[in-house]
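Please read these numbers as outputs of a predicted model, since none were measured by experiment.
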Amino acid sequence: MFTTIKTSQDNKIIVTDLTRKLNLGPENVIARLAFSYSIATKQKFNITDAKDSKGKEYSKNVLFGNNLPFYISLICINYNIYKTDPNIPKYIKIHIDHGLQLINDELIQNPSLTGFEFLIEKIDSGLSYID
């Protein structure tokens, strides 16, 4: 299906900054969080919304490891497509780029926010939907 995903050039710097500021692990962890955060917004994008691919490159194994089928499932559910759809890598890229922008915007608004606080806040808001 695909072997690598590349962020936009603008997000190459952002993912490095977020990794340093949030201190949650390597850059691929931040990219995974960004993808998940973007998918959680339930926003749908068009393939034409994809930005350039001149940024940070991740192999599918580094980015998703053994959990790739779960991440693909999230895309399939969000876009009502089948797991062999050729646009899945583009949707993944779009959601990583979108999520990085969302997280970066939050840190701009609250520069003292720690990675732990960010995660707890998102987990707490997600759990509120279960009630």
Side-chain angles (χ1 to χ4, degrees):
M1 173 179 274
F2 67 96
T3 56
T4 62
I5 298 285
K6 279 186 157 186
T7 67
S8 68
Q9 187 171 1
D10 292 341
N11 282 331
K12 182 177 185 177
I13 296 165
I14 289 173
V15 75
T16 301
D17 286 347
L18 292 176
T19 300
R20 184 181 42 76
K21 289 176 185 174
L22 295 176
N23 197 25
L24 294 171
E27 289 180 353
N28 61 325
V29 171
I30 299 301
R32 257 182 261 139
L33 284 172
F35 172 84
S36 302
Y37 189 19
S38 177
I39 284 288
T41 67
K42 298 183 181 178
Q43 191 168 351
K44 293 185 179 179
F45 297 97
N46 292 318
I47 294 302
T48 57
D49 294 330
K51 298 179 181 177
D52 67 80
S53 294
K54 298 178 182 176
K56 179 71 179 170
E57 182 174 14
Y58 300 98
S59 74
K60 68 179 180 183
N61 292 332
V62 167
L63 191 55
F64 300 122
N66 295 331
N67 297 315
L68 179 62
F70 299 108
Y71 288 92
I72 290 175
S73 297
L74 291 170
I75 292 291
C76 292
I77 290 167
N78 197 48
Y79 290 94
N80 197 28
I81 57 177
Y82 192 67
K83 65 182 179 180
T84 57
D85 189 294
N87 291 319
I88 288 174
K90 292 176 185 171
Y91 287 124
I92 291 171
K93 182 231 182 319
I94 290 168
H95 280 284
I96 291 172
D97 281 334
H98 178 244
L100 288 170
Q101 291 295 318
L102 291 174
I103 296 169
N104 191 53
D105 290 347
E106 283 197 38
L107 279 175
I108 288 170
Q109 293 174 12
N110 186 358
S112 63
L113 186 68
T114 67
F116 182 74
E117 291 168 337
F118 174 80
L119 288 177
I120 294 300
E121 177 186 312
K122 298 308 167 203
I123 291 169
D124 187 47
S125 66
L127 290 174
S128 68
Y129 289 110
I130 295 175
D131 293 338

Ser38 and Gln43: CA distance, side-chain angles, deciding distance, side-chain hydrogen bond (donor to acceptor under 3.5 Å, both in side chains) verdict: CA-CA 7 Å; Ser38 177; Gln43 191 168 351; over 6 Å; no
Verdict with reasoning, Asn78 to Leu74, per side chain to side chain contact (heavy atoms under 4.5 Å, CB included): CA-CA 6 Å; Asn78 197 48; Leu74 291 170; over 6 Å; no
Working for side chain to side chain contact (heavy atoms under 4.5 Å, CB included), residues Leu107 and Leu22: CA-CA 9 Å; Leu107 279 175; Leu22 295 176; 3.8 Å; yes
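No option in Arg32, Lys122, His98 other than Lys122 meets the side chain to side chain donor-acceptor pair (under 3.5 Å) test with Tyr37.
The environment of OH in Tyr79 is crowded: more than 12 heavy-atom neighbours from other residues, nucleotides or ligands sit within 6.0 Å. The 12-atom threshold is not exceeded at CD1 of Ile13, counting heavy atoms of other residues, nucleotides or ligands nearer than 6.0 Å. Heavy-atom contacts from other residues, nucleotides or ligands closer than 6.0 Å to NZ of Lys51 number more than 12. Within a 6.0 Å sphere centred on CG of Asp105, heavy atoms belonging to other residues, nucleotides or ligands number more than 12.
Shown here for Lys12 and Gly55, the closest heavy-atom pair between the two residues is CB-CA, 3.8 Å. Looking at every heavy atom in both residues, Asn11 comes nearest to Gln101 through OD1-NE2, 2.6 Å. Closest heavy-atom contact between Lys83 and Ile88: O-CD1, 3.3 Å.
Taking CG from Asn104 and CD1 from Ile30, the interatomic distance works out to 11.0 Å, rounded to the nearest 0.5 Å. A distance of 12.5 Å separates CD1 in Ile108 from CG in Leu113, rounded to the nearest 0.5 Å. Note that CG of Leu102 is 11.0 Å distant from CG of Asp97, once rounded to the nearest 0.5 Å. One distance of note links NZ of Lys90 with CG of Asp85; it measures 9.5 Å at 0.5 Å rounding. Between Leu119 atom CG and Leu24 atom CG the span is 5.0 Å, to the nearest 0.5 Å. In this structure, the separation between CG on Leu18 and CD1 on Ile14 is 7.0 Å, given to the nearest 0.5 Å.
Ile94 places none of its side-chain heavy atoms less than 4.5 Å from the side chain of Asn46.
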Under 3.5 Å, side-chain donor or acceptor atoms of residues 57-64 against the rest of the protein: list the pairs with distances, not counting sequence neighbours.
unit_1: Glu57; atom_1: OE2; unit_2: Thr4; atom_2: OG1; d: 3.2
unit_1: Ser59; atom_1: OG; unit_2: Val62; atom_2: N; d: 3.1
unit_1: Lys60; atom_1: NZ; unit_2: Phe2; atom_2: O; d: 3.4

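Between His95 and Phe45, the ring planes are perpendicular. Angles over 60° get that label, and only those under 30° would be called parallel.
Side-chain atoms of Asp17 and Thr19 form no donor-acceptor pair, as typed in the model, at a separation below 3.5 Å.
A continuous path of hydrophobic side-chain contacts links Ile47 to Ile96 [ILVMFWY only; heavy atoms under 4.5 Å].
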